[in-house]
Engineer: 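I'd like to ask some things about the structure below.
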Protein chains: 2
Amino acid sequence: MMQDEQLSLTLRALGHPVRLEILRILMARADSCCCNDVTDCLSLAQSTVSQHLKVLLDAGIIERKAQGTRNNYCVRTDRLEAFGTSVARYLEQLGNQAICEKSLASAS
Amino acid sequence: MMQDEQLSLTLRALGHPVRLEILRILMARADSCCCNDVTDCLSLAQSTVSQHLKVLLDAGIIERKAQGTRNNYCVRTDRLEAFGTSVARYLEQLGNQAICEKSLASAS
DNA sequence: ATCTTCCATCGTATATTTACGATAGAAGAT
DNA sequence: ATCTTCTATCGTAAATATACGATGGAAGAT
């Protein structure tokens, strides 16, 4: 199922506490912010933060915009919303499946 | 933040297409099912499926019940629901953070 | 007792992830 | 032109994840 590939990719991208925190940092700013700004909020090397940003970028969760000498990142809230919807739908379908099967079982 | 550890653990556990599928398989049965049943539905070795089940088990998403010679697994729907809630709350808080910051910015 | 079934675990191989320091190149400042 | 700042990328090391076959031990069947 192709949908699962995309969903699991996003789940994995969010499956690290540092990346959950990075999204918070990015969102808690009216102005978009750069790698250094994020690094200042975390006790991690700049290269490590850059790597985490890349994971989020590759998963389509954040966006990069070159701005002079710096790269600004911002969260793609539309994608996050879509993710929330996908999770909800997945869980819902799991539940429906169960209900469906159970009624079949009790009918037989 | 300790909450993030738990959430990211669950996100990672769900962050593999095979495991998303395994949960579907487990849910699509009125009777709980064993490792072999799951393996029959997938083109993977039994040991691999067992490993995936262990990841889900360690994350508290499924439950194991010894039943004679076989081990039956079933989904802990309460945990899945809690996960759904956690995701929703995380996303919501991200959004609120942004709104809060933006209104502060426009007020200054 | 013997046989079969079930399956967690071990050993192994490969790939990916996570972290760091070092570095190079781009852009702006002096 | 030179200097500084920013940061993606490379190289590296250690840890995890993913897959497989083989195996041993538990439980039920013959």
Engineer: Within this structure, what is the NE2-to-C1' distance between B:His16 and C:dT17, rounded to whole angstrom?
Structural biologist: 14 Å
Engineer: Is the shortest heavy-atom distance from the side chain of A:Leu56 to the side chain of A:Tyr73 under 4.5 Å?
Structural biologist: no
Engineer: What do the steps show when you test B:Glu21 against B:Arg24 for salt bridge (Lys or Arg N to Asp or Glu O under 4.0 Å), and what is the final call?
Structural biologist: CA-CA 5 Å; B:Glu21 185 61 22; B:Arg24 277 202 200 90; 2.8 Å; yes
Engineer: Mind checking side chain to side chain contact (heavy atoms under 4.5 Å, CB included) for A:Ala88 and listing every partner two or more places apart, or none if nothing turns up?
Structural biologist: none
Engineer: Where along residues 33-52 of chain A does a heavy atom come under 4.0 Å from DNA chain D, residue by residue in number order?
Structural biologist: A:Cys34, A:Cys35, A:Asn36, A:Gln46, A:Ser47, A:Ser50
Engineer: Taking only residues two or more places apart in sequence, or in another chain, which ones meet A:Val38 in a side chain to side chain contact (heavy atoms under 4.5 Å, CB included)?
Structural biologist: A:Ile22, A:Ile25, A:Leu26, A:Cys33, A:Leu42, A:Val49
Engineer: Nearest heavy atom decides the nucleotide; on that basis, is A:Arg64 or B:Val18 closer to the 5' end of DNA chain D?
Structural biologist: A:Arg64
Engineer: What residues, two or more places apart in sequence or in another chain, satisfy salt bridge (charged side-chain N to carboxylate O under 4.0 Å, His left out) together with A:Lys65?
Structural biologist: none
Engineer: Does C:dC6 have OP1 or OP2 under 4.0 Å away from a side-chain N or O of B:Tyr73?
Structural biologist: no
Engineer: Indicate yes or no: at least one non-hydrogen side-chain atom of B:Leu11 is less than 4.5 angstrom from one of A:Leu20.
Structural biologist: yes
Engineer: With distance as the sole test, does B:Asp58 use its side chain to make a donor-acceptor pair with the main-chain N or O of B:Val55 at under 3.5 Å?
Structural biologist: no
Engineer: Would you kindly give the CZ-to-P distance between A:Arg12 and C:dT16, to the nearest whole Å?
Structural biologist: 11 Å
Engineer: Just so I know, are the side chains of B:Asn72 and B:Arg70 near enough to count as touching, which here means a heavy-atom distance under 4.5 Å?
Structural biologist: yes
Engineer: For the side-chain contact (heavy atoms from CB on, under 4.5 Å) test, which of B:Leu7, B:Asp4, B:Leu9 pairs with A:Pro17?
Structural biologist: B:Asp4
Engineer: Is the shortest side-chain heavy-atom distance between B:Thr77 and B:Met27 below 4.5 Å?
Structural biologist: yes
Engineer: Does A:Arg19 make a side-chain N or O approach to OP1 or OP2 of C:dT18 shorter than 4.0 Å?
Structural biologist: yes
Engineer: Could you check if a side-chain atom of A:Tyr90 sits within less than 4.5 angstrom of a side-chain atom of B:Leu23, using non-hydrogen atoms only?
Structural biologist: yes
Engineer: Going by number, which of residues 65-72 of chain B have a non-hydrogen atom under 4.0 Å from DNA chain D?
Structural biologist: B:Gly68, B:Thr69
Engineer: Name the first nucleotide and the last nucleotide along DNA chain D (5' to 3') that come under 4.0 Å of a heavy atom in chain A.
Structural biologist: D:dT5 to D:dT9
